[in-house]
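I have placed the structure first, in the form of structure tokens, so that the comments after it can refer back to it.
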Amino acid sequence: MASFVVGATGFTGREVVRVLVARGERAIAHVRPDSSRVGEWRERFTGLGAEVDTAEWDAGAMTAALRRAAPDRVFALLGTTGKRARGEGMSRALGYQRVDVGLTLLLLEAVRAAELSPRFVYLSSVGTSERSSSTYLKARAQVEAALRASGVHFTIARPSIITGEPRDDGRPLERVSAAVAGGVLAVAGAFGARRLQAKYRPTTNVGLAQALVRAAFDPAAQDRVLEGRSLFPD
């Protein structure tokens with residue numbers, strides 16, 4: 001069996017590749033060809049035992065790459081940050097539309113055009129809703145809606161704050177938020193709010209990668225949205 005990991009160079013994606021290889025699975029890590037670190041990533045992933053694909057972010061090129069790989073699972077782990085969007089001269093909302101939405105939907109359409117039937121494992125977020133005031137969560141809701149309507153089998157994962165070390169983009173506020181959230185949820189758990197505690201507890205990128213891979217191979221997780229205990233069973 002093969003898994004095609006898009007967003008493989010990201011904080012969670014690199015761990016997903018590692019976990020897949022550790023399970024003895026064939027893992028194909030997508031690295032964009034114009035990355036300044038493409039050589040470094042190629043060496044890192046092949047050193048793990050994974051394959052590397054450098055297809056352009058183009059519908060035809062991505063469709064051809066998927067046909068070559070013929071994956072049983074496609075992991076869609078794409079995402080940008082407000083800081084990165086501003087660095088590229090875009091607003092946060094535009095960055096989310098171009099990367100989080102645009103590239104994920106391009107990948108989804110490439111899966112359909114390749115006439116494959118893999119499980120599409122999408123990394124969303126807790127709190128995702130079309131009615132959210134957050135542009136990030138609205139973007140995630142847009143992708144979720146398109147995925148449900150696509151006819152492609154899926155698993156949608158909605159974790160809370162993702163933390164861990166090392167992280168290329170730093171995100172000190174996220175680490176502080178994780179610490180505060182963890183303390184608040186521990187108190188909530190002590191007072192019986194176990195469901196709330198499970199839904200919003202922070203997780204590391206390693207723990208999330210393990211959960212994503214576990215769900216991707218679980219027949220019961222097909223065509224489901226996982227969060228809280230359904231994503232991180234105790």
Closest contact, heavy atoms only, [X] versus [Y]:
X      : Y      : result
Val17  : Ala8   : CG2-CB, 4.0 Å
Phe232 : Gly207 : CE2-O, 3.9 Å
Pro159 : Thr203 : CB-CG2, 4.5 Å
Pro33  : Ala55  : CD-O, 3.5 Å
Val143 : Asp100 : CG2-O, 3.6 Å
Arg158 : Ser124 : CG-CB, 4.0 Å

Sequence neighbours left out, what passes side chain to side chain contact (heavy atoms under 4.5 Å, CB included) with [X]? Give chain and number order.
X      : answer
Ser134 : Ser132, Tyr136, Leu137
Gln222 : Arg119, His153
Ala209 : Glu15, Val16, Val19
Glu130 : Ala141, Ala145

**Message:** If we ignore hydrogens and angles and just use 3.5 Å, is the side chain of Asn205 paired with the main-chain N or O of Phe11 as donor and acceptor?
**Reply:**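 Yes, because the side chain of Asn205 sits within donor-acceptor range (under 3.5 Å) of the backbone of Phe11.
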
**Prompt:** Between Asp223 and Phe154, is there a donor-acceptor pair closer than 3.5 Å when you use the side chain of the first and the backbone of the second?
**Reply:**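 At least one qualifying donor-acceptor pair exists.
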
Can you name the residues that form a salt bridge (Lys or Arg N to Asp or Glu O under 4.0 Å) with [X], not counting sequence neighbours?
X      : result
Arg214 : none
Arg148 : Glu144
Glu25  : none
Arg44  : none

**Item:** Leu208 CG to Thr163 OG1 distance, which is reported to the nearest 0.5 Å
**Value:**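 Those atoms lie 12.0 Å apart.
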
**Request:** Mind checking the CD1-OG1 spacing from Ile156 to Thr128? Nearest 0.5 Å is all I need.
**Result:**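 It is 9.0 Å, given to the nearest 0.5 Å.
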
**Message:** Does the Lys NZ or Arg CZ of Arg73 fall within the cation-pi geometry relative to Phe4 - under 6.0 Å from the ring centre and within 45° of the axis?
**Reply:**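 Pair Arg73/Phe4 does not count as cation-pi.
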
**Prompt:** By side-chain hydrogen bond (donor to acceptor under 3.5 Å, both in side chains), which residues pair with Ser230, not counting sequence neighbours?
**Reply:**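 Result, side-chain hydrogen bond (donor to acceptor under 3.5 Å, both in side chains) vs Ser230: none returned.
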
**Contacts of Phe45 that satisfy ring pair (Phe, Tyr, Trp, His ring centres under 6.0 Å) - sequence neighbours left out** =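 Listed in chain order: Trp41.
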
**Message:** With a 4.5 Å cut-off on side-chain heavy atoms, are Met1 and Arg26 touching?
**Reply:**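 Side-chain contact under 4.5 Å: no.
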
**Prompt:** Side chains of Pro118 and Val74: does their closest heavy-atom pair fall under 4.5 Å?
**Reply:**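 Contact flag for Pro118/Val74 side chains = yes.
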
**Pairs meeting criterion side-chain hydrogen bond (donor to acceptor under 3.5 Å, both in side chains) with involvement of residues 54-69, two or more places apart** =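 For residues 54-69, and leaving out neighbouring residues, the side-chain hydrogen bond (donor to acceptor under 3.5 Å, both in side chains) pairs sorted by first residue read Asp53-Arg68.
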
